[in-house]
Every structure is written in C-alpha cells, then in structure tokens.
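A quick write-up on the structure given underneath.
Positions are given from 1 along the sequence. Whatever order the structure lists ligands and atoms in, that order sets their numbers, starting from 1.
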Amino acid sequence: MRNKTIGIIGTGNVGHALAVRLIATGYTVKVANSRGPHTLIAFENTTKAKAVPLSAVAADADMLIIAIPFGKIRELTSTLHLPEKVVVVDTGNYYPERDGTIAEIEEGMPETQWVSAQLGVPVVKAFNNIMASSLASNWKPAGIKNRIALPVAGDDQLARNEVKALVEELGFTAYDAGDLSDSWRQQPGEPAYCTDPSLSELLLLLARANRKKAMANRDKAAKLMARIPPTFTGQQLVRASRLSAGLDIWQPKSWAAMLQLIWTILRA
Ligand SMILES: NC(=O)c1ccc[n+]([C@@H]2O[C@H](COP(=O)([O-])OP(=O)(O)OC[C@H]3O[C@@H](n4cnc5c(N)ncnc54)[C@H](OP(=O)(O)O)[C@@H]3O)[C@@H](O)[C@H]2O)c1
C-alpha cells in the first residue's frame, strides 16, 4: 500500500499517532476534523499530513480511517463522500456516557456493525484496543520478540486483508479476528483491551472475553477511564491493564502501576 493515500477523520490522540506513523512508513496522508483545515495548521506542521475539508478527505483515498468520538459518527453521513472502493476503518469505542446511548448497540449489535450501517459501506475494526501512545511508540519490525499483536475484524475479507497488511507495515502483528460478529471481544472492558499483547497473549485474551458480561465490563471500564487524570501515562495504564488481565503477575513494575492507578483514582 505504500505510496498510496490514506484519509484520517479525527486529529486527536489516535489520528495524530496514526498520521505520524503512516507518513514515516511512506504513505500520503490527508486529515480532517469538524472545524476545517484552517484549524489544523499546527497538525500539518508536526505531522506533514495535508489538512482538507471533511467533504474531501475520502476523495482519491485508498483507505479512510475514522478516529473520532464514537457518538459523532452519525454527524459524518451528511458531509462524507465515500468513493466506491475505499476501505473504511473504525478505530472507535462506544462509551455510552461520552457518546450517548445507542439503542442498537445496547441490544447487542457489535459497535462496528453499527458504524457500517450508518455509513452504508463495509467497515473494518482495527486499532481500537491499543492506546494512542503505544501506537506512536511501541511498534517493532517483524520478527522482534513480543511484538504487539492487534486484532483486525471485518465482514469483507479483501478489506480485512488490506488493513492487516497496513497493521504489519505500521509495526504490529496483525491477527485476523474474523467477521464483525465476534469483534465485541476486542472492545473496552474485555481482557484484550489496552494490554499490548504478543500474538500468543492476544489469542488467550480474546478467548477469555465474556459475552454475557461484555456490556457491564464496558461500562465499568468507561467509568474507570473517566476517573483517570491525563497525568497517568498510557504505559502505566497498559501495565495495570496487563496485570488485571492476568499477565505479568511477577513484574514489580506492573504492581507499582496498579497501586498508583488505585491511589490516583481514590484521590480524583
Ligand atoms: N485515545 C486513545 O488512546 C484511543 C485508543 C484507541 C481507540 N480510541 C477511540 O478512538 C476514537 C478517537 O479517540 P481519540 O482519543 O483520538 O479522540 P480525541 O483525541 O478526542 O480526538 C477526536 C478528534 O475527532 C474530531 N472530531 C470530533 N467530532 C468530529 C466530527 N463530527 N467530524 C470530524 N471530526 C470530528 C476532533 O476534532 P474537532 O473537535 O476539532 O472536530 C478531534 O480531532 C474514540 O472512539 C476513542 O474511544 C482512543
């Protein structure tokens, strides 16, 4: 896919991390937010991405990555023009407290199936279970031990393959997580969320996800995340998440991160 163009909607934590990595990997990147390119001059300067209006971000793009708060996705439908062959990727997570209640998801529809229904095109779910800070900094070339593995789920096999290839190029091991029906396994509150797992760990964690408890787990995770101040770093959160998923139980740094997380939340 190198020398191809990727559009990103959203220039926050995830959009910035992806833009930097994509450009370093050789892609041309266009970005858009809701307020227009004139608000993205600093973003253009730091990333070398090209800011464009939302209506133009998908034009001529081979892939379009959506990295905006989940509840705002409905706002895209009136402005976004999707070319027929563009592969659409959803990085989002649904947090009802932040995004408003979405009845279909509460009734059991996997999050990205809902995104696909809003946009009227197949959508691939990827990058939703890794912290933006890990996306930016914890990538590794193929073959290096303990490379982070990321699940890629989607109903269109060809689109899923393209996103898997991109994940590998960006420095992560791509795991084919099948169609969207099982993609709840990679959502917030499940063991594979924000744990920077190796491939063998990822398989174990996805298998441990609990469908019956998924919504309650997601809501617990959302409440917890809302109480964590920005001073708590992404890497501390990954360490605490790994410990609570049963990984690294003999690592003093993990216990230190967990104790610090508990202390931070109690003080918040
Ligand atoms: N933060 C993480 O580490 C992380 C990791 C994995 C997944 N996620 C998920 O990824 C999604 C994005 O998270 P984030 O942390 O990157 O968010 P963020 O830092 O809050 O950035 C959101 C971006 O979306 C833009 N935006 C908001 N409404 C928009 C609209 N209607 N049209 C176009 N752009 C719009 C915002 O710009 P304007 O307001 O200027 O339009 C901003 O650039 C969320 O669903 C989140 O749960 C986050």
Side-chain angles (χ1 to χ4, degrees), residues 7-22 29-44 46-47 49 51-58 64-82 88-100 102 105 110-112 114-115 118-119 123-139 148 150-153 167 170 172 183 186-190 192-196 218-219 221-226 228-230 232-238 240-241:
I8 304 177
I9 306 178
T11 52
N13 301 303
V14 176
H16 189 274
L18 282 173
V20 170
R21 283 297 299 138
L22 287 166
V29 177
K30 295 195 288 183
V31 293
N33 63 2
S34 67
R35 291 173 298 138
H38 65 283
T39 64
L40 292 172
I41 291 163
F43 189 99
E44 284 187 305
T46 56
T47 63
V52 297
L54 190 52
S55 58
V57 73
L64 177 71
I65 301 178
I66 302 177
I68 68 175
F70 199 84
K72 305 275 186 188
I73 284 173
R74 277 181 282 224
E75 293 174 14
L76 300 179
T77 53
S78 56
T79 323
L80 199 56
H81 304 297
L82 289 174
V88 180
V89 183
D90 168 31
T91 70
N93 292 305
Y94 165 59
Y95 291 117
E97 282 187 27
R98 178 193 68 186
D99 299 318
I102 298 177
I105 296 179
E111 296 167 7
T112 303
W114 181 84
V115 176
Q118 301 310 299
L119 301 179
V123 177
V124 176
K125 189 172 194 75
F127 304 114
N128 74 296
N129 72 322
I130 179 168
M131 300 289 299
S133 55
S134 288
L135 260 184
S137 309
N138 293 350
W139 54 275
I148 297 171
L150 298 180
V152 177
V167 164
L170 292 184
F172 303 92
S183 60
Q186 66 195 69
Q187 76 186 31
E190 294 309 317
Y193 190 67
C194 291
T195 43
D196 283 5
R218 176 202 66 207
D219 293 344
K223 283 201 177 79
L224 183 78
M225 297 289 260
I228 300 175
F232 200 76
T233 69
Q235 288 322 289
Q236 285 173 301
L237 196 56
V238 169
S241 303

For ligand 1, the portion of [X] having any non-hydrogen atom under 4.0 Å away:
{"X": "Ile130", "answer": "backbone"}
{"X": "Thr11", "answer": "both"}
{"X": "Ala132", "answer": "both"}
{"X": "Thr39", "answer": "neither"}

Is ligand 1 less than 4.0 angstrom away from at least one heavy atom of [X]?
{"X": "Asn129", "value": "no"}
{"X": "His16", "value": "no"}
{"X": "Tyr94", "value": "no"}

Starting from [atom], what is the nearest protein heavy atom, named by residue and atom, and what distance separates them?
{"atom": "atom 20 (O) of ligand 1", "value": "Pro69 CG, 4.4 Å"}
{"atom": "atom 34 (N) of ligand 1", "value": "Ser34 N, 3.3 Å"}
{"atom": "atom 4 (C) of ligand 1", "value": "Val14 CG2, 3.4 Å"}
{"atom": "atom 18 (P) of ligand 1", "value": "Gly12 CA, 3.9 Å"}
{"atom": "atom 37 (O) of ligand 1", "value": "Asn33 CB, 3.6 Å"}
{"atom": "atom 15 (O) of ligand 1", "value": "Asn13 ND2, 2.9 Å"}

Notebook entry, point to check: Within the distance-only criterion (no hydrogens, no angle test), does the side chain of Tyr95 pair as donor or acceptor with the backbone N or O of Met225 below 3.5 angstrom?
Noted result: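 Judged by distance alone, no pair lies under 3.5 Å.
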
Check: Do Gln235 and Asn138 have side-chain atoms, one donor and one acceptor, less than 3.5 Å apart?
Finding: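 There is such a pair between these side chains.
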
